[in-house]
Amino acid sequence: MTDSLTALSQRTEAFWIGLTLILLGALTPETVSPGGIGLSRALIVLGGGLLLVRVLVAVGRFLKTTAEAGLAGYREGKNNG
């Protein structure tokens, strides 16, 4: 139970951090560019990348769970039939 709650809080934190980075990037003026790198664009790309990774991990876990449930159902049907 504790592991599940920790994993859930980490997923939630990753989402909010990514969303915050995107919003900060949108609010940061384009003229701010320390070291020649546009801070606004960098924040948006970093936040978007974090959200994209979070979505891909969620899809992977969903597909894994679906495959395991389908396999268990197949085995149960085969044993009963």
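- Listed by chain and residue number, T28, E30, I44 satisfy the side chain to side chain contact (heavy atoms under 4.5 Å, CB included) test with S40 (two or more places apart in sequence, or in another chain).
- Two residues are said to be in side-chain contact when any heavy atoms from C-beta on lie closer than 4.5 Å; L51 and V55 fail this criterion.
- Every side chain to side chain contact (heavy atoms under 4.5 Å, CB included) that V45 has, sequence neighbours left out, goes to R41.
- Residues V53 and V59 do not share a hydrophobic cluster, defined by chaining ILVMFWY side chains whose heavy atoms lie under 4.5 Å apart.
- Here the CG-CD1 distance, from L24 to I17, works out to 11.5 Å after rounding to the nearest 0.5 Å.
- Looking at residues two or more places apart in sequence or on another chain, you find a side chain to side chain contact (heavy atoms under 4.5 Å, CB included) between L52 and L56.
- Contacts of L23 classified as side chain to side chain contact (heavy atoms under 4.5 Å, CB included), with partners at least two apart in sequence or in another chain: L19.
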Enumerate donor-acceptor pairs with a distance under 3.5 Å from any side-chain N or O in residues 66-75 to protein atoms, sequence neighbours excluded.
from: T66; atom 1: OG1; to: F62; atom 2: O; distance (Å): 2.8

